[in-house]
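One structure is given below, encoded as structure tokens.
Just so it is clear, the model here is predicted, and its values are computed rather than measured. By convention here, the first residue in the shown sequence is residue 1.
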Amino acid sequence: MDASNLALKQLCRHLAGYQCELSEINNSLLIGSIQNGLLELDYYVDVEDEFYEEILELLAFSDFAPFLGVLRLSAPDKGINGTRSWKLEPLTQGEGTYQNLRLLDIQGTQPQHLNRTILGNFDEDDIAARLLDKMPNLEQLSIPSAPSPAFFDRPPHPLKHLTLQTGYDTQNFILNLAQSTCFNQLKTLDFTDYSETSIPDYQHHKTPISHYLQLFNSNALPHLESLTIRHSIINEKDTKELKKTQLGTQLDLLKLLPCS
């Protein structure tokens with residue numbers, strides 16, 4: 001039995017007490033398969049489930065982390081005071097390194113959802129940076145909160161595809177990206193700006209046009225091919241100016257979706 005298959009069998013034994021590739025635990029569902037010799041896991045879970053953090057701790061063990069190739073987390077649309085919070089610290093605290101993980105997809109807020117999805121308890125608290133520290137070869141990342149400046153404090157990283165919702169705070173993501181040097185392999189970026197329309201003066205929390213101009217005039221993303229920006233304050237005049245910039249002429253696809 002190869003190492004990745006053995007790791008999956010061991011994981012299932014830990015979770016459910018029997019060997020299988022499909023394990024049901026309370027409100028959780030973890031589906032595991034082997035792709036290209038690595039584990040591909042889809043974990044659907046109520047984030048308040050009693051087993052949730054324990055399972056994430058297991059994934060961070062050195063017995064499992066190196067064999068993960070894909071990890072997707074999704075959850076029912078439940079929250080407290082309108083917020084569904086992913087607590088991902090257990091993934092960062094084990095001894096294992098996710099050296100073969102290529103895709104991490106943390107489900108964000110979907111159009112039909114009534115709850116806003118975020119990382120952590122309103123304060124992102126560097127969790128995205130700490131995850132990336134453990135994932136040196138990650139190529140595709142989807143997260144529902146804007147990362148802190150620590151996310152950019154690293155040597156060149158092979159990330160190629162980034163989908164990001166800002167949650168409750170942009171953390172100056174666009175400006176930080178414009179001033180970064182670590183994501184020069186990025187090919188696609190899908191960015192959702194601040195969109196809490198129920199907050200008074202919510203537009204003041206959005207990314208200012210000056211930050212977008214800095215990004216479009218920077219050398220931070222020399223390989224970017226596709227850029228989608230959702231719910232920004234960019235208007236038609238701004239769009240024309242952005243398309244004339246270095247990044248604007250480089251892109252194969254620039255999609256600016258209306259402000260919410």
query: Under 30°, 30 to 60°, or over 60°: which ring-plane class applies to Phe152 and Phe183, parallel, tilted or perpendicular?
result: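 Phe152 and Phe183: perpendicular rings.
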task: Any pair with a residue in residues 148-162 that passes side-chain hydrogen bond (donor to acceptor under 3.5 Å, both in side chains), sequence neighbours left out, goes on the list, sorted by first then second residue, please.
output: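 As it turns out, the side-chain hydrogen bond (donor to acceptor under 3.5 Å, both in side chains) pairs with a partner in residues 148-162, which skip direct neighbours, are Asp126-Ser148, Asp133-Arg154, His161-Thr188.
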message: Taking side-chain hydrogen bond (donor to acceptor under 3.5 Å, both in side chains) as the cut-off, I'd like each qualifying pair that reaches into residues 99-114, sequence neighbours left out, listed once.
response: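 Those involving residues 99-114 are Arg84-Gln107.
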If every non-hydrogen atom of [X] is compared with every non-hydrogen atom of [Y], which pair is closest and at what distance?
X: Leu164; Y: Ser145; answer: CG-O, 4.2 Å
X: Ser180; Y: Ala220; answer: O-CB, 3.6 Å
X: Tyr44; Y: Ala75; answer: CE1-C, 3.7 Å
X: Pro144; Y: Gly108; answer: CB-CA, 3.6 Å
X: His205; Y: Thr170; answer: O-CG2, 3.5 Å
X: Asp193; Y: Lys206; answer: OD1-CA, 3.7 Å

message: Between Leu213 and Leu215, is there shared hydrophobic-cluster membership here, with clusters defined by ILVMFWY side-chain heavy atoms closer than 4.5 Å?
response: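 In one cluster: yes.
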field: Side-chain donor-acceptor pair present, Tyr43, Ser74, cut-off under 3.5 Å
entry: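 No, no side-chain donor-acceptor contact under 3.5 Å.
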Heavy-atom side-chain contact between [X] and [Y] under 4.5 Å:
X: Pro147; Y: Phe173; result: yes
X: Tyr194; Y: Asp169; result: no
X: His211; Y: Asn172; result: yes
X: Leu59; Y: Pro90; result: no
X: Ser142; Y: Ile106; result: no
X: Arg116; Y: Ser195; result: yes
X: Asp190; Y: Leu162; result: no
X: Leu189; Y: Ser226; result: no

Quick check for you: to the nearest 0.5 Å, what is the distance between [X] atom [atom1] and [Y] atom [atom2]?
X: Ile143; Y: Phe151; atom1: CD1; atom2: CZ; answer: 5.0 Å
X: Ile229; Y: Thr207; atom1: CD1; atom2: OG1; answer: 8.5 Å
X: Leu73; Y: Leu71; atom1: CG; atom2: CG; answer: 4.5 Å
X: Arg230; Y: Leu257; atom1: CZ; atom2: CG; answer: 5.0 Å
X: Asp238; Y: Ile233; atom1: CG; atom2: CD1; answer: 7.5 Å
X: Phe64; Y: Leu58; atom1: CZ; atom2: CG; answer: 6.0 Å

task: Please identify each residue that fulfils salt bridge (Lys or Arg N to Asp or Glu O under 4.0 Å) with Glu89, with sequence neighbours left out.
output: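 Glu89: no salt bridge (Lys or Arg N to Asp or Glu O under 4.0 Å) contacts found.
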message: My understanding is that only residues two or more places apart in sequence, or in another chain, count here; which of them pass salt bridge (Lys or Arg N to Asp or Glu O under 4.0 Å) with Asp77?
response: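 For Asp77 there are no salt bridge (Lys or Arg N to Asp or Glu O under 4.0 Å) partners, ignoring immediate neighbours.
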Donor-acceptor check, side chain of [X] to backbone of [Y], threshold 3.5 angstrom: yes or no?
X: Lys134; Y: Leu91; value: no
X: Lys87; Y: Val47; value: no
X: Asp123; Y: Asp125; value: yes
X: Glu53; Y: Glu57; value: no
X: Ser85; Y: Gly120; value: yes
X: Glu40; Y: Val70; value: no
X: Glu124; Y: Ile127; value: yes
X: Thr239; Y: Asn235; value: yes

- request: For the pair Lys78 and Glu48, find out whether any cationic side-chain nitrogen is under 4.0 Å from an anionic carboxylate oxygen.
  value: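 Salt bridge flag = no for Glu48 with Lys78.
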- prompt: Is a salt bridge present between Asp42 and Arg72, judged by a nitrogen-to-oxygen distance below 4.0 Å?
  reply: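 Yes, Asp42 and Arg72 are salt-bridged.
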query: Of Leu175, Ile174, Ile209, which meets side-chain contact (heavy atoms from CB on, under 4.5 Å) against Gln214?
result: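 Only match with Gln214 under side-chain contact (heavy atoms from CB on, under 4.5 Å): Leu175.
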task: Quick one: do Thr228 and Phe191 satisfy side-chain contact (heavy atoms from CB on, under 4.5 Å)? Show the steps, please.
output: CA-CA 6 Å; Thr228 300; Phe191 172 73; over 6 Å; no
field: Listed partners of Tyr212 passing ring pair (Phe, Tyr, Trp, His ring centres under 6.0 Å), at least two apart
entry: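 Scan of Tyr212 (ring pair (Phe, Tyr, Trp, His ring centres under 6.0 Å), adjacent residues dropped) gives none.
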task: In sequence, state the C-alpha distance, the side-chain angles, and the governing distance for Glu236 and Lys240, and then conclude on side-chain contact (heavy atoms from CB on, under 4.5 Å).
output: CA-CA 6 Å; Glu236 186 175 348; Lys240 291 180 179 178; 4.1 Å; yes
- request: Apply the test side-chain hydrogen bond (donor to acceptor under 3.5 Å, both in side chains) to residues Thr83 and Tyr168: give CA-CA distance (whole Å), side-chain angles for both, the deciding distance (0.1 Å), then the verdict.
  value: CA-CA 10 Å; Thr83 299; Tyr168 291 132; 2.6 Å; yes
- request: Go through Leu56 and Leu88 one step at a time and tell me if the side-chain contact (heavy atoms from CB on, under 4.5 Å) criterion holds.
  value: CA-CA 8 Å; Leu56 295 191; Leu88 301 179; 4.1 Å; yes
Which pairs of donor and acceptor atoms, one on a side chain in residues 245-255, lie under 3.5 Å apart (sequence neighbours left out)?
| from | atom 1 | to | atom 2 | distance (Å) |
| --- | --- | --- | --- | --- |
| Thr245 | OG1 | Phe216 | O | 3.3 |
| Thr245 | OG1 | Leu242 | O | 2.6 |
| Thr245 | OG1 | Gly248 | N | 3.1 |
| Gln246 | NE2 | Asn219 | OD1 | 2.7 |
| Thr249 | OG1 | Thr245 | O | 3.1 |
| Thr249 | OG1 | Gln246 | O | 3.0 |
| Gln250 | NE2 | Leu221 | O | 2.9 |
| Gln250 | NE2 | Pro222 | O | 3.3 |
| Gln250 | NE2 | Leu224 | O | 2.9 |

query: What do the steps show when you test Leu104 against Leu101 for side-chain contact (heavy atoms from CB on, under 4.5 Å), and what is the final call?
result: CA-CA 7 Å; Leu104 175 64; Leu101 193 70; 4.2 Å; yes
